[in-house]
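Heads up, the thing below is written out as structure tokens.
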2 protein chains.
Amino acid sequence: MNTFVDADPGLQRSRRRDAEQNRLAILRAAGAVLNRDPDASLDAIAAAAGLSRRALYGHFATRDDLIRSLLAHRVREVLAAVDRIEHPDPPALLALIGVTLWRQVESVRVMAQFALRGPFQHELSYGLQPLRDRVKHAVTVGAQTGRIRDDIDSATLARLVEGAVLSVLDEATRFPMDAATGERLVALSVLAILGYDAAGARALIAETPELRS
Amino acid sequence: MNTFVDADPGLQRSRRRDAEQNRLAILRAAGAVLNRDPDASLDAIAAAAGLSRRALYGHFATRDDLIRSLLAHRVREVLAAVDRIEHPDPPALLALIGVTLWRQVESVRVMAQFALRGPFQHELSYGLQPLRDRVKHAVTVGAQTGRIRDDIDSATLARLVEGAVLSVLDEATRFPMDAATGERLVALSVLAILGYDAAGARALIAETPELRS
DNA sequence: CGTAAGTTGCACATCCGTGTGCAGGTTCGG
DNA sequence: CCGAACCTGCACACGGATGTGCAACTTACG
């Protein structure tokens, strides 16, 4: 339960290694199960992790604690992945961000599910703020430089870009598709919302090496 | 409970008029409340309708019965509204359908919420099939006649159109917007996904009188 | 190999929502 | 104005999920 083991190594015996494995297994199972049903019981999650429900309480005090940990974990992953992306051209940058989110489908979807309702809404959207800011900034700059449509308020357009990505992720969940198809669809959808027609979007993808998977 | 009152008027005294009012109030309240939280309790719904929970059971046998009635009701409304739409040009038709759905935000959103998970998924998607078929057909024809992009499989594109509409409805729920803005946004989003750039979409809207609100 | 960490299974209390029964009140409608 | 239809408030049974306590077992690790 306490991550700071090194703090007081005095008389205590160290944390068992398999316990940490189980903790991760639970988080992994929680991601998978809650993605299908955000109201799934702890029993279902524990079972999916190959543990008993009782054991779960050895790692997480409450259900909320588990979900909170899961979300925090996934938010870190996603933000780290997005942070690595750089591109001078706003629309290309946004398409790249979309593609990156596609590669983290499960994390993104589970976050989206808890971002709408439940006790974690605000906490979560606070954690995702950096990502949102980046999208908004890219949209704004792109609109000013004429690379992105300016007939829609940039704050709104930024949220529509979010929506476009989630839309494709939903589609992928209901009708499984291979990685290449998914990435292409995300890029096309994002560029479409940003104001590119089909040919223009394809051209931009073709001339952006990072978008050629 | 029984809608077919006229069937056996013999010895029975007729249904009280205010009871039917209450039934409708419950359905209306259910739509509003379940839109915010699909797991809201019957208590919350009854309260929103200005009735006691106990009275609710006089109109609907079970929770499922209530939700089923609500969805059936809304599906009928939406399908009827969409049925009235006609337009020879596929992209314009799809934009019009989107705008019509926008005018039924609450119904559409509540349906979307129960279309994903829960016991009504299949039943609901069965009821909405005519709408889906129409969208798919328009997309297919549009792609064949060169009015709509053909670089995305038409079944997939049809579902992305759905997603685009829902995306705007979500946006409208979180950041309320006036009717005109909403209709414009829906039309632009749908056309964007169909392969139109910003200018092209605006042009198509301008030359389609039914899309000028 | 011994000990502590970890897991299991069970029992139990608790909470919350659903669905039902019933007595008593209010209101519509003939 | 009478009676039936409707609503209320309360009680209760029930199921499902959460969270806790405890004894017994298994496993990792020094």
Side-chain angles (χ1 to χ4, degrees), chain A residues 1-27 29-30 33-34 36-70 117-120, chain B residues 1-27 29-30 33-34 36-70 117-120:
Chain A
M1 210 204 289
N2 184 5
T3 320
F4 308 113
V5 217
D6 311 341
D8 183 15
L11 301 170
Q12 308 278 1
R13 178 180 283 203
S14 64
R15 182 178 187 74
R16 265 167 61 169
R17 221 175 299 140
D18 59 333
E20 193 57 22
Q21 295 289 326
N22 285 337
R23 188 192 145 91
L24 294 178
I26 293 172
L27 285 173
V33 172
L34 293 177
R36 283 187 280 105
D37 173 15
D39 296 320
S41 71
L42 292 185
D43 216 23
I45 296 174
L51 291 179
S52 69
R53 183 174 71 93
R54 191 64 187 79
L56 200 151
Y57 285 98
H59 297 276
F60 304 95
T62 70
R63 178 195 176 81
D64 276 19
D65 184 24
L66 166 59
I67 298 185
R68 205 179 302 276
S69 304
L70 170 66
R117 55 206 178 81
F120 310 101
Chain B
M1 207 203 294
N2 184 5
T3 319
F4 310 112
V5 217
D6 311 341
D8 182 15
L11 302 169
Q12 308 278 2
R13 177 179 283 201
S14 65
R15 183 179 186 73
R16 266 168 61 170
R17 222 174 296 141
D18 59 333
E20 191 57 25
Q21 295 288 327
N22 285 337
R23 187 192 145 92
L24 294 178
I26 293 172
L27 284 174
V33 172
L34 293 177
R36 283 188 279 107
D37 174 15
D39 296 321
S41 70
L42 293 184
D43 216 24
I45 296 174
L51 291 178
S52 69
R53 184 175 71 95
R54 191 62 188 78
L56 200 152
Y57 285 99
H59 297 276
F60 304 95
T62 71
R63 178 196 176 82
D64 277 18
D65 184 24
L66 166 59
I67 298 185
R68 205 179 302 277
S69 304
L70 170 65
R117 54 205 179 83
F120 311 102

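Here is the naming used below: chain letters follow the sequence lines, and residue numbers restart at 1 for every chain. The figures that follow rest on heavy atoms only: side chains count, while hydrogens, waters and symmetry mates do not. The model shown is predicted, which means the values in this text are computed figures rather than measured ones.
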| task | Round to the nearest Å and state the distance from B:Q21 atom CD to D:dA5 atom P. | result | 19 Å
| note | Here the pair of heavy atoms bringing A:R63 nearest to A:P38 is NH2-O, 3.4 Å
| request: Whole angstrom is fine here: how far is it from CG in B:L66 over to P in C:dT18? | output: 10 Å
| query | Any side-chain heavy atom of B:L70 within less than 4.5 Å of one from B:F60? | reply | no
| Any donor-acceptor pair under 3.5 Å joining the side chain of A:R17 to the base of C:dG6? | no
| request: Heavy atoms only: give me the nearest B:A19-B:H59 pair and the separation to one decimal. | output: O-CE1, 3.2 Å
| Trace of the side chain to side chain contact (heavy atoms under 4.5 Å, CB included) decision for B:L56 with B:N22 | CA-CA 9 Å; B:L56 200 152; B:N22 285 337; over 6 Å; no
| message | Tell me the closest heavy-atom pair linking B:A61 and B:D65, and the distance in Å. | response | N-OD2, 3.1 Å
| message | Nearest whole Å is fine: how far is D:dC7 P from B:R23 CZ? | response | 12 Å
| said: On the nucleotide C:dT7, are OP1 or OP2 found under 4.0 Å from the side-chain N or O atoms that A:H59 carries? | reply: yes
| Short side-chain N/O contact to D:dT27 OP1/OP2 from A:R16, under 4.0 Å | no
| said: Applying side chain to side chain contact (heavy atoms under 4.5 Å, CB included), can you list everything that pairs with B:R36, at least two apart in sequence or on another chain? | reply: B:V33
| field | Phosphate contact (D:dC7 OP1 or OP2) by B:N22 side-chain N/O below 4.0 Å | value | yes
Between protein and nucleic acid, restricted to nucleotides 15-18 of chain D and to nitrogen or oxygen atoms under 3.5 Å apart, what atom pairs and distances do you find?
unit_1	atom_1	unit_2	atom_2	d
D:dT18	OP1	A:L42	N	3.2
D:dT18	OP1	A:R63	NH1	2.8
D:dT18	OP2	A:L42	N	3.3

| task | Give the rounded distance in Å between these two atoms: CZ of B:R54 and P of D:dC10. | result | 14 Å
| request: Report the distance from atom CG of B:D18 to atom C1' of C:dG29, rounded to the nearest whole Å. | output: 10 Å
| remark: note: B:F60, atom CZ; C:dT20, atom P; distance rounded to Å ~ 15 Å
| Interatomic distance where CG belongs to B:L51 and P belongs to D:dC6 [whole Å] | 13 Å
| note | Here the distance between atom C1' of D:dT20 and atom CG of A:L56, to the nearest Å, is 14 Å
